[in-house]
There are 2 protein chains.
Amino acid sequence: MTISEVSKQCNISPDTLRYYEKEGLITDINRTAGGVRDYTEQDCKQIEFIKCMRSVGLSIEVLRKYFELFKKGKRTLKARRDLLATEREQLHTRLTELQNTLNRLDYKISVYDKAIKSKTKELKF
Amino acid sequence: MTISEVSKQCNISPDTLRYYEKEGLITDINRTAGGVRDYTEQDCKQIEFIKCMRSVGLSIEVLRKYFELFKKGKRTLKARRDLLATEREQLHTRLTELQNTLNRLDYKISVYDKAIKSKTKELKF
DNA sequence: GCTTGACTTAGAGCTAACTCCAACTGATAC
DNA sequence: GTATCAGTTGGAGTTAGCTCTAAGTCAAGC
């Protein structure tokens with residue numbers, strides 16, 4: 001698969017794919033004789049994983065560390081597990097925060113709805 | 001209240017408070033004769049609100065628009081309500097995404113735990 | 001009246017994560 | 001064999017959101 005095919009399939013720009021490679025998030029991509037990247041299905045799955053993790057805010061740096069550990073082989077299984085567990089905890093914290101803020105917004109919107117109905121009130125902010 | 005008191009109370013740096021003011025997120029802060037900012041309780045509540053919204057990713061730009069509408073008075077109640085509702089929807093989408101990714105991470109961590117126990121397996125990424 | 005310390009401003013600098021650009025190369029169509 | 005087009009590289013530029021710096025002001029304590 002060429003970079004533009006992967007780009008379409010994963011909805012990530014070719015520039016970003018090359019950037020991820022430069023940053024060590026993707027490594028050992030095959031090349032054709034002419035030097036053109038030739039992604040495997042496995043590469044694609046990894047890219048999807050990266051996309052998923054990036055979409056919830058895992059940093060390039062954390063992901064770089066994860067794949068760096070990967071390259072060191074089986075002896076880093078525990079380290080990788082722990083790295084993921086740490087990120088998981090942070091995501092969980094953010095999830096709770098998001099839920100609370102959502103509730104707060106819902107309440108605020110309901111206050112607005114009342115104010116709009118009554119046609120007299122103004123809010124403080 | 002001085003800027004450093006608000007800073008401590010809200011856990012936001014004075015620089016950030018001044019930055020928010022420059023960006024129009026906070027307006028009409030009282031000043032002492034000497035030109036020093038003198039925040040009211042109400043200002044503090046607004047700052048807490050901003051902090052809460054920023055913590056889940058609402059942009060400075062969106063918040064600026066919200067407070068801009070505010071300054072135009074009661075006739076913008078509906079517009080403000082709708083702005084909040086739009087942001088709420090986006091937060092909801094992100095919440096779902098976060099939940100899915102959390103599940104995915106939990107699954108991956110469980111796969112790691114199995115691999116670590118069996119002491120033979122390696123994963124694909 | 002001088003020092004100290006918290007404040008003020010305008011504006012520069014920083015970081016993460018892209019995104020774009022210029023110059024080049026290699027394969028394909030005609 | 002030359003135009004086209006998709007790819008390549010290194011490096012510059014962009015954006016959001018702070019964060020820091022320099023130079024200055026003001027009030028309080030001694």
Side-chain angles (χ1 to χ4, degrees), chain A residues 1-40 43-44 47-68 87 90-91 94 97 101, chain B residues 1-40 43-44 47-68 87 90-91 94 97 101:
Chain A
M1 278 177 114
T2 67
I3 202 164
S4 63
E5 284 164 346
V6 176
S7 171
K8 267 164 218 155
Q9 185 171 314
C10 301
N11 200 29
I12 300 178
S13 79
D15 269 327
T16 301
L17 287 170
R18 282 186 283 255
Y19 169 69
Y20 284 171
E21 200 174 328
K22 195 159 63 182
E23 294 297 318
L25 268 57
I26 315 165
T27 45
D28 309 319
I29 300 296
N30 294 335
R31 300 280 183 136
T32 66
V36 172
R37 287 175 183 79
D38 185 20
Y39 295 86
T40 64
D43 293 331
C44 266
I47 289 163
E48 282 289 2
F49 174 73
I50 291 168
K51 193 193 173 186
C52 182
M53 296 304 135
R54 284 289 308 124
S55 78
V56 295
L58 267 72
S59 70
I60 299 285
E61 181 56 16
V62 159
L63 292 170
R64 200 193 52 68
K65 267 182 197 156
Y66 177 75
F67 290 112
E68 195 182 357
E87 296 305 311
Q90 288 184 24
L91 284 194
R94 290 200 16 234
E97 200 175 17
T101 303
Chain B
M1 277 177 116
T2 67
I3 200 164
S4 62
E5 284 165 346
V6 176
S7 171
K8 266 163 218 155
Q9 185 171 315
C10 300
N11 201 28
I12 299 179
S13 81
D15 270 326
T16 301
L17 287 169
R18 282 186 284 253
Y19 169 69
Y20 284 171
E21 200 174 329
K22 195 160 63 181
E23 293 299 317
L25 267 58
I26 315 165
T27 46
D28 308 319
I29 300 296
N30 294 335
R31 299 281 182 137
T32 65
V36 172
R37 287 175 184 78
D38 185 21
Y39 296 86
T40 65
D43 293 332
C44 266
I47 289 163
E48 282 289 1
F49 174 73
I50 291 167
K51 193 194 174 187
C52 183
M53 295 304 136
R54 285 288 308 124
S55 79
V56 296
L58 265 74
S59 70
I60 300 286
E61 181 55 18
V62 159
L63 292 169
R64 199 192 53 67
K65 266 182 197 154
Y66 177 75
F67 291 111
E68 195 182 355
E87 296 305 311
Q90 287 183 25
L91 284 194
R94 288 198 20 232
E97 199 176 17
T101 303

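Convention: sequence-line order gives letters A, B, ...; per-chain numbering from 1. All values below come from the heavy atoms of this structure, side chains included, with hydrogens, waters and symmetry mates left out.
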Rounded to whole angstroms, how far apart are [atom1] on [X] and [atom2] on [N]?
X      : N       : atom1 : atom2 : value
L17(A) : dC18(C) : CG    : C1'   : 12 Å
E21(A) : dA17(C) : CD    : P     : 18 Å
I12(A) : dA17(C) : CD1   : P     : 14 Å

Task: Sequence neighbours excluded - salt bridge (Lys or Arg N to Asp or Glu O under 4.0 Å) pairs with any residue from residues 6-15 of chain A - done: D15(A)-R18(A)
Task: Check ion pair E97(A)-R94(A) (N to O, under 4.0 angstrom) - done: no
Using a 3.5 Å cut-off and no angle test, enumerate the donor-acceptor pairs between side-chain atoms of residues 22-30 of chain B and protein atoms at least two apart in sequence or in another chain.
none

With the criterion being N/O to N/O and under 3.5 Å, what pairs connect the protein with nucleotides 23-28 of chain C, and how long is each?
none

TODO: Could you pull out all residues at least two apart from T16(A) that satisfy side chain to side chain donor-acceptor pair (under 3.5 Å)?
DONE: S13(A)
TODO: Tell me, please, which residues at least two apart from E21(A) pass salt bridge (Lys or Arg N to Asp or Glu O under 4.0 Å).
DONE: R31(A), R37(A)
TODO: Indicate, with a heavy-atom threshold strictly under 4.0 Å, whether T32(B) touches base, sugar-phosphate, or nothing.
DONE: nothing
Open item on the list: Within the 4.0 Å heavy-atom criterion, would you say T2(B) contacts the bases, only the backbone, or no part of the nucleic acid?
Closed with: sugar-phosphate
Open item on the list: Can you tell me if R18(A) touches the phosphate of dT8(D), counting only side-chain N or O atoms and a distance under 4.0 Å to OP1 or OP2?
Closed with: yes
Open item on the list: Does dT9(D) have its OP1 or OP2 closer than 4.0 Å to a side-chain nitrogen or oxygen of R37(A)?
Closed with: yes
Open item on the list: Output one letter per nucleotide in nucleotides 15-23 of chain D: B when a protein non-hydrogen atom lies under 4.0 Å from the base, S when only the sugar-phosphate is that close, - when neither is.
Closed with: --BBBB---
